[in-house]
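To start, the structure under review is shown below, and the notes come after it.
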2 protein chains.
Amino acid sequence: MGQGHPPTRVSARPTLADVATLAGVSAATVSRALSRGDSVRSDTRQRVLTAIEALDYRPNRAARGLSTGRSGALGILVPDIANPFFAELIRSAQAGARAREKVLLIADTEQSPGEELDLLESLAGQVDGIIMCSPGFGPKPPRPHLADVPMVFVNRRVDGVPAVVIDQGAIVRMSVAHLRDLGHKRLAFMAGPDRLWSSQQRLDAVRALEGVVGLEIVVLGPFEATFEGGSNAAEPLMASGVTGVIAFNDVMALGLMARLTSTGVGVPAEMSVVGSDDVPLAGMWTPTLTTVAAPVRAAGGSAVDLLSALIEAGTPAARPATHMPGSLPVRRIELEGHLVVRASTAEARA
Amino acid sequence: MGQGHPPTRVSARPTLADVATLAGVSAATVSRALSRGDSVRSDTRQRVLTAIEALDYRPNRAARGLSTGRSGALGILVPDIANPFFAELIRSAQAGARAREKVLLIADTEQSPGEELDLLESLAGQVDGIIMCSPGFGPKPPRPHLADVPMVFVNRRVDGVPAVVIDQGAIVRMSVAHLRDLGHKRLAFMAGPDRLWSSQQRLDAVRALEGVVGLEIVVLGPFEATFEGGSNAAEPLMASGVTGVIAFNDVMALGLMARLTSTGVGVPAEMSVVGSDDVPLAGMWTPTLTTVAAPVRAAGGSAVDLLSALIEAGTPAARPATHMPGSLPVRRIELEGHLVVRASTAEARA
DNA sequence: CGATATGATGCAAGCGCTTGCACATCGCGA
DNA sequence: TCGCGATGTGCAAGCGCTTGCATCATATCG
């Protein structure tokens, strides 16, 4: 390509130049009218806009990208698309991206840490910034050239990397308060995998609560953050002699309830169960699950906002905060969930 | 951008030219070594490859795209990312895309037909081809300029548009055969939404089966293809007096079972239930669900294959089959699922 | 009323790559 | 020995856009 067609433009898509011609201005003006609408007289812009409309012109992203050095794409790395939590996160991120006329590249690590690095690298080459929802590898992005692409974490706090986090302590406190209000005295906390930041945070919150609220909390686990993991918790749970349990997330709670029910333990009659996230299934299960709804949509949107700000600022996330103090965007957004009371919790037996 | 830096290249990413210099050849040669490896002497290519390695060079997609007119991206339009069926489809499509060094742009219509058109249009501008899994609008892509981008449908048959379909008749036949083998004489078929191609196909298959296999099949519905939709089918189902039911998909089957169980109807003791798709949840439910597993991974992979072939052929899907007969790629791929027997089906009561 | 600051527009270069064509080189048969 | 087709490389144009600078028209001031 790139060679001299004899000037037989058949019916190719219109270009900037076509618009310019029709509007009677130069390509530069059209370009400016499109980007920073200022610096073009408003009647000129009007003419340009009309021409664009008339030709049904749409800018060529590749050309723009080549010129600006930005692809107009954002990447998001998740551990599992099928997980409703991440599916929802993706949706909201996508909505945010669309609103900014950017596209979202989704990479699914399928829970594999090895894959994760690979994907991260290949993403890094194609996008202007990355939203990391995958909790896989250690605290620092390993390969040096990755440091060049702005990045924000979701539900993971790493020194100096901007993040959107859901307040894990609040989740625990809400759950505990709910159960306490129902008269439960002895509670269990079903821990998720140690490697998850959110899991550690919850544990910390639990520990901070032990004793001080006049009830006993026993920690079970860790268990895998899956349906199966939840099932596996049933036995130790029953052995612990508590009347209420707080699960690390809904899927585990569901697994737990399934096992409980099938072994003849009544929920909530004999055991109250609280989940976390409020996945759609939580409202469909029998019994429906009391849970702390995660502000997922907000999280996705915020992540995109934050990332965009970072990109705008041309800040490769790791730049030392020496120069231009104060000019950096917010580097951390904290969100809070809310309790959704359903049928899996009830008053403690007298 | 695009302006004369005083030649102070700081530490920008290496370009083709850098590689060329290091390898002692021209940029053209490097380019050729990278694309069609023939037409370059093998020792030359070796030198080029070494240089690439040394510089950790990676081609700039925008530049390539601008030059070739191809973005190297594929689009996939799904009605719901969170639906495990589509999540899996996306995964396999993504794997296929990756293998071809292409990226996958995912668009989620969130079940809204209006949104769908919008998304389709905006996708069309950014990708080389589209995989349509969303069953929304009528038989023909509406806007004319969409006809320019190659497209393949999944589980939807449209005149002249290439497609990957899962044999719906086979699903019905397997399910029926299974129940018949268990001694059931009167069966119900729980229909999905009329607008779905797959739903219509199943209905046709059911009708074709009525009578001929010596059993009675009553058709219920249509119901929405959701958990709730399944629940709603419980009442008419019990009224129909059958002993076995074939649900349009797993999610509906699960909804049905939940309602059945909660109203005291034993599954499978009093009612055998067969689903379709084999979503992960099917194996976790109580009781576990007998279902016809859909060859989803194969479908995703095939869709990418088919689409790539189409793109390669430069065939905008609608070109009349006049010239170059036989040179067109396969236009339809048919896949078959298989029965997974679990605990939701049992022998008919004597 | 001429000099000057200001804002709007055009010019043209260049982003990093692909590719048609021209050219050099080689081996071969005549 | 020369001519000739292959074969392998290089040249340079151009993909559609952005943007620094020059230019020009207009508003502002002395």
Side-chain angles (χ1 to χ4, degrees), chain A residues 1-10 12-48 51-52 55 57-72 101 125-126 128, chain B residues 1-10 12-48 51-52 55 57-72 101 125-126 128:
Chain A
M1 188 143 300
Q3 216 50 3
H5 313 268
T8 22
R9 301 268 290 355
V10 250
R13 305 211 13 196
T15 74
L16 239 212
D18 298 327
V19 175
T21 306
L22 181 57
V25 297
S26 81
T29 301
V30 177
S31 173
R32 281 190 272 254
L34 243 36
S35 41
R36 302 173 331 291
D38 55 319
S39 84
V40 158
R41 231 185 339 173
S42 72
D43 60 317
T44 312
R45 174 167 49 250
Q46 206 37 253
R47 230 163 351 118
V48 168
I52 286 178
L55 296 175
Y57 163 80
R58 7 209 120 182
N60 176 321
R61 322 239 341 171
R64 192 191 297 239
L66 181 55
S67 205
T68 60
R70 288 217 216 295
S71 65
E101 310 210 284
Q126 339 222 273
D128 299 334
Chain B
M1 189 140 302
Q3 218 48 3
H5 312 269
T8 22
R9 302 270 286 354
V10 251
R13 304 211 12 195
T15 75
L16 239 213
D18 298 327
V19 175
T21 306
L22 182 57
V25 297
S26 81
T29 301
V30 176
S31 175
R32 281 190 273 254
L34 244 35
S35 41
R36 303 176 328 292
D38 56 319
S39 84
V40 157
R41 229 184 343 167
S42 72
D43 59 317
T44 311
R45 176 171 45 252
Q46 207 35 253
R47 236 169 340 126
V48 169
I52 287 179
L55 295 175
Y57 163 80
R58 7 207 122 182
N60 177 320
R61 319 232 353 165
R64 193 191 298 239
L66 181 54
S67 205
T68 59
R70 288 218 216 295
S71 65
E101 311 209 284
Q126 339 221 273
D128 299 334

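If you're wondering where the values come from, they're calculated on a predicted model, not measured in any experiment. All chains are named by letter (A, B, ...) in the order of the sequence lines, taking the proteins before the strands, and each is independently numbered beginning at 1.
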Q: Could you say whether B:Ala63 or B:Thr29 is positioned toward the 5' end of DNA chain C, judged by the nucleotide with the nearest heavy atom to each?
A: B:Ala63
(Q) From the set D:dC17, D:dT9, C:dC17, return the single nucleotide nearest to any side-chain atom of B:Thr15. (A) C:dC17
Q: Give me the one residue out of A:Val30, A:Leu34, A:Thr29 that meets side-chain contact (heavy atoms from CB on, under 4.5 Å) with A:Val40.
A: A:Thr29
Q: Using atom CZ of B:Arg13 as one end and atom C1' of C:dC17 as the other, report the distance to the nearest whole Å.
A: 14 Å
Q: Rounded to the nearest angstrom, tell me the gap between atom CG in B:Leu66 and atom P in C:dC17.
A: 12 Å
**Q.** Heavy-atom pair of closest approach, residues A:Ala27 and A:Leu16
**A.** O-CD1, 3.6 Å
Q | Per A:Val25 side chain, nearest of listed nucleotides C:dC15, C:dG10, D:dG8 | A | C:dG10
(Q) Looking at B:Ser31, I'd like to know whether one of its side-chain N or O atoms comes within less than 4.0 Å of OP1 or OP2 on C:dT18. (A) yes
Q: Would you tell me if any nitrogen or oxygen in the side chain of B:Arg41 comes within less than 4.0 Å of OP1 or OP2 on D:dT7?
A: no
Q: Go through the N and O atoms of the side chain of B:Thr44 and the base of D:dG8, and report whether any donor-acceptor pair is under 3.5 Å.
A: no
Q: Take atom CG of A:Asp18 and atom P of D:dC15, then tell me their distance rounded to the nearest Å.
A: 11 Å
Q: Take the protein atom CZ of A:Arg61 and the nucleotide atom P of D:dC15, then report the distance between them rounded to whole Å.
A: 21 Å
Q. Between B:Arg64 and C:dT18, does any side-chain N or O lie under 4.0 Å from OP1 or OP2?
A. yes
**Q.** Integer-rounded Å distance: C:dT9 P and A:Asp43 CG
**A.** 7 Å
Q | Nearest-angstrom distance from the residue atom CG of B:Asn60 to P of D:dC17 | A | 16 Å
Q.
Heavy atoms from C-beta onward define the side chain here; which of C:dC11, C:dT9, C:dG16 lies closest to that of A:Ala28?
A. C:dC11
Q.
Looking at A:Ala23, is its backbone amide N or carbonyl O close enough to the side chain of A:Arg47 to form a donor-acceptor pair, meaning the two atoms are under 3.5 Å apart?
A. yes
**Q.** Euclidean distance, atom CD1 of residue A:Ile52 to atom C1' of D:dG16 [Å, nearest integer]
**A.** 14 Å
**Q.** Heavy-atom donor-acceptor pair, B:Thr21 side chain to B:Ala17 backbone, under 3.5 Å
**A.** yes
Q) Does the base of C:dG10 carry an N or O that pairs as donor and acceptor with the side chain of A:Arg32 under 3.5 Å? A) yes
Q) Between A:Ser26 and C:dG10, does any side-chain N or O lie under 4.0 Å from OP1 or OP2? A) yes
Q: Compare all side-chain heavy atoms of A:Val19 with those of A:Leu55 and state whether any distance is below 4.5 angstrom.
A: yes
Q) For A:Leu55 and D:dG16, what is the distance between atoms CG and C1' respectively, to the nearest whole Å? A) 15 Å
Q | Nucleotide of C:dC17, C:dG10, D:dC11 approaching B:Leu16 most closely (side-chain heavy atoms) | A | C:dC17
